[in-house]
Amino acid sequence: MVHRLEPLVIRHVHRLPSPAGPAGEGAVAARQFDAALMSVGFKLSAELLARLSGLSEGTVVDTAVRTLGTVREMVGDHVRHNVYFVDFPANVPDTYDFGTRCIAEALADDTTRASVLEQLSDGVVDLLTLPSYGRYQHTYAEMLDHHEELIEAAGDRMTVLHPGADADAEVTALYLALAGSSTPLGEDALRDLEVLAEACADGPQPAEIPVRENRAVINRARLRAGSALLLDTVTDVLRLACAVSGGDVTLVEATRFRGLSRPVRRALLAGLDSVVAAAPAKLADVHAYREDFKRLGERLHPHEYPQWPHAADVFAVARGEKKARSFDSRVEELLGMHDVIGAAELLKSAPGKLFRSLDRLLRMALDQDERTTVAAAAEEVVADVSGRVLLSVREHLANRAQETGEPRVFVNRLGRAWVTEDERPPVLPPERERLIAVLDAEIRRRLPAPGHLLIDPDVLDVALPLSGRAAPAGLGVLPRGSVSPVDGELLRFFVYWKQAAHRTDYDLSALMLDADYATVCWLAYTNLKALEGEHSGDITEAPDGASEFIDLRLGAVRGEFIVPQVNIFSGEGFEEVEESFFGFMLREARQQGRPFEPRTVRMKSGLRGPGRVALPLAFLRGADGRWCAKWLHLYLKGTPAANRVEANRVSVATLLRGIVEREQLTVRYLTGLLDASSTTLWDGETVPEGPVTYIGLQRPDGLHPESRIVTPENLRDLIPA
């Protein structure tokens, strides 16, 4: 059990749980372990290397085998990355010449000659019908023979693994951190929480579980373990029912409830009964999910359990047989009468809803008195609003000074994005500035005193993770809207996918845009070579997995933006394939090596979204000529088939403009509010002797043991409660 959970600890916190084993002479094995890790861009910290050296050789070897498998998967090195053009990036042919060559080869083949001649007579040849197009023409081993060993460079990525406590303590700590997160987790982290919750059902539990989706996952584990459920609203029970049925615990998508066993039905009905008995007003929450409750009632058969009459009331409200007026309906009634002051007064009893409604209330206000009353109501209850809502409203107000007609970007929880013109009038400066001052003061009040603050400058423009859904799981992945520096001469994108049941063709492309977001050029299977770089060749099926690459020479790029994208040409979607991921590497011009070299990988993330076009991130050229990454994590709906960069370049440019020109709330903002005794920008080498609060992209070696450490893996800890 412990070994099964070790990968979760390594992936989430980059710590290696202390191996359980006898003392011994493990120094040689530990150094070999470290060398193997470095070949894939990881290494042991000095403290961890010393600790492993004192264990038996067998213990170190067993630990190394388990850990290497985990880190190789983290970076995408657990699969074989072949390329269509065996010498890539050398000797990539011109697109037209390549197509002509494929036709000539097909004409030379007795089995395909007739078909090709027939197509030529019609004037159009379908490349997908040619035997040499879209399928590997060499083995992985043959491809390796065409490439020299990678030349080491100082800029190669090196992710340090630090020593942890024993495995049980590390697993428990990770469970408590995820369960008690003040921001929603991404889908991958939510799945990990479920595994941890089941393992930790009988152990320590978080003092508070602020996020309802987390509570649903934990309750499912407690239900299996026979432990008491953690419920305080009727919606908690509905989410649990969705979790038990394998549905959407966020309640965004309707769940098809399964047939439930009698013990589960009894647990859910008893939970509903206890919630309503303690607070009958919570029946009003049913209205938001009436249809879901009606379908759940068909599975629970509440009429068979007269001992829980309050549970029956829940379904009576859902069916309209019992009245329970909702809070939202009372607010809407007041707003329907244009009683802004009355609505603001009522919303003071629900501070979070008041703050989410501020923009609407201020737009509906007819005069200065009404606007002043709304702002005053917010000031009165600001201390009772969650930190995540405060930060979200603060970011929202920062972007409400613009005139109408600017692009407004919408992104749902799955990363599906769309753009429209913002026709709302701006929030007027007096109220906007007053509310921003109120929010800044309250957020500052809640932040702990950090003592000596040590900051990695590269983390300052990382967006605050107000939702874990703003970034997929992966290595080196930052929240949507973050900006991070890109140092290197060669930029290489990669995509890997493996189809589950049907022939599937993903296409990696890169779109170059100028300062006005107009198309300069692109690299794709339809344009294999350009001044900027090369495409590795089109692979059109992936029964055993397939990879595509794009090389870009940053110094040769025309334009100001680079937008890599993955288009689904045919077959299974991102959520249907067996596996799919995207990433990028940075290299120096003198480095050779294979097309995929794990220690040059800067970022690797899973592709799991609802659209047919994935936009993981974009690259922007700064005023100083240096490049940086802007993290997107977006999906466009696209078309059912034949998605191509040429067809979606206008929508991509419009979406990119909306994201780039939006002001994000970043680590820079939050650290500017911290009341530090002293602040030092980390130079990458010098580590203070005493305890510090360190905020950076990666934990330095040698920090004082009492230091507080914040890296992207636990950046959510910066969000005040």
Side-chain angles (χ1 to χ4, degrees), residues 4-15 17 70-71 73-76 159 164 170-201 205-206 208-222 230 239-240 242-243 246-253 388 411-415 462-482 574-575 579-583 603-610 616 631 633 635 697 710-719:
R4 182 174 65 87
L5 299 177
E6 270 187 9
L8 301 186
V9 176
I10 295 170
R11 285 196 284 107
H12 280 277
V13 297
H14 292 179
R15 286 199 301 268
T70 299
V71 299
E73 185 172 357
M74 287 171 64
V75 79
T159 302
E170 286 291 340
V171 166
T172 299
L174 179 58
Y175 165 65
L176 294 175
L178 293 180
S181 172
S182 61
T183 61
L185 302 175
E187 291 189 10
D188 293 301
L190 207 57
R191 282 193 291 269
D192 291 344
L193 174 60
E194 181 175 0
V195 174
L196 293 165
E198 191 164 352
C200 300
Q205 300 298 313
E208 185 179 2
I209 306 174
V211 179
R212 296 293 177 180
E213 293 93 324
N214 296 0
R215 187 186 294 266
V217 167
I218 293 168
N219 274 330
R220 175 162 59 177
R222 297 180 69 80
L230 308 175
R239 292 185 196 276
L240 173 56
C242 291
D248 178 17
V249 297
T250 69
L251 305 182
V252 174
E253 297 180 4
R388 187 167 70 95
V411 183
N412 68 14
R413 68 182 185 89
L414 298 175
V462 172
L464 295 178
L466 302 182
S467 171
R469 304 188 195 106
L475 178 74
V477 177
L478 297 177
R480 180 181 299 121
S482 297
F574 296 120
E575 297 177 323
E579 183 177 14
S580 61
F581 55 83
F582 167 90
M603 168 267 193
K604 175 256 181 180
S605 70
L607 291 175
R608 292 287 170 182
W631 299 77
H633 309 306
Y635 293 87
L697 294 180
V710 179
T711 59
E713 291 72 40
N714 66 330
L715 197 60
R716 61 183 175 273
D717 292 348
L718 285 180
I719 308 301

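Since the structure is predicted, the reported quantities are computational estimates derived from the model, not experimental observations.
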Check step by step if side chain to side chain contact (heavy atoms under 4.5 Å, CB included) holds for Tyr175 and Leu8. CA-CA 10 Å; Tyr175 165 65; Leu8 301 186; over 6 Å; no
Give, for atom [atom1] of [X] and atom [atom2] of [Y], the distance between the pair rounded to the nearest 0.5 Å.
{"X": "Glu198", "Y": "Leu193", "atom1": "CD", "atom2": "CG", "value": "11.5 Å"}
{"X": "Ser182", "Y": "Ile209", "atom1": "OG", "atom2": "CD1", "value": "13.5 Å"}
{"X": "Leu230", "Y": "Asn219", "atom1": "CG", "atom2": "CG", "value": "5.0 Å"}
{"X": "Asp192", "Y": "Glu194", "atom1": "CG", "atom2": "CD", "value": "10.0 Å"}

Side chain to side chain, [X] and [Y], heavy atoms closer than 4.5 Å:
{"X": "Leu697", "Y": "Val462", "result": "yes"}
{"X": "Asp248", "Y": "Cys242", "result": "no"}
{"X": "Glu6", "Y": "Pro17", "result": "yes"}
{"X": "Arg716", "Y": "Leu178", "result": "yes"}
{"X": "His14", "Y": "Thr711", "result": "no"}
{"X": "Val171", "Y": "Val9", "result": "yes"}
{"X": "Glu213", "Y": "Thr250", "result": "yes"}
{"X": "Phe581", "Y": "Leu475", "result": "no"}

Quick one, Arg212 with Leu251, criterion side chain to side chain contact (heavy atoms under 4.5 Å, CB included). Give me CA distance, side-chain angles, the key distance, then yes/no. CA-CA 10 Å; Arg212 296 293 177 180; Leu251 305 182; over 6 Å; no
Minimal non-hydrogen separation, [X] against [Y], with atom names:
{"X": "Gly476", "Y": "Trp631", "value": "O-CH2, 3.1 Å"}
{"X": "Leu464", "Y": "Ile719", "value": "CB-CD1, 4.2 Å"}
{"X": "Val249", "Y": "Arg239", "value": "O-NH1, 2.7 Å"}
{"X": "Leu240", "Y": "Ala216", "value": "CD1-O, 4.0 Å"}
{"X": "Val211", "Y": "Ser181", "value": "CG2-O, 3.4 Å"}
{"X": "Pro465", "Y": "Thr183", "value": "O-CG2, 3.4 Å"}

Is there a donor-acceptor pair under 3.5 Å between the side chain of [X] and the backbone N or O of [Y]?
{"X": "Ser605", "Y": "Pro472", "answer": "no"}
{"X": "Glu187", "Y": "Ala473", "answer": "no"}
{"X": "His633", "Y": "Gly481", "answer": "no"}

Residues in side chain to side chain donor-acceptor pair (under 3.5 Å) contact with Arg608, at least two apart in sequence or another chain: none
I would like to know whether Ile10 and Met74 meet side chain to side chain contact (heavy atoms under 4.5 Å, CB included); could you show each step before the answer? CA-CA 10 Å; Ile10 295 170; Met74 287 171 64; 4.1 Å; yes
Could you walk me through whether Leu5 and Glu170 pass the side chain to side chain contact (heavy atoms under 4.5 Å, CB included) test, one step at a time? CA-CA 10 Å; Leu5 299 177; Glu170 286 291 340; over 6 Å; no
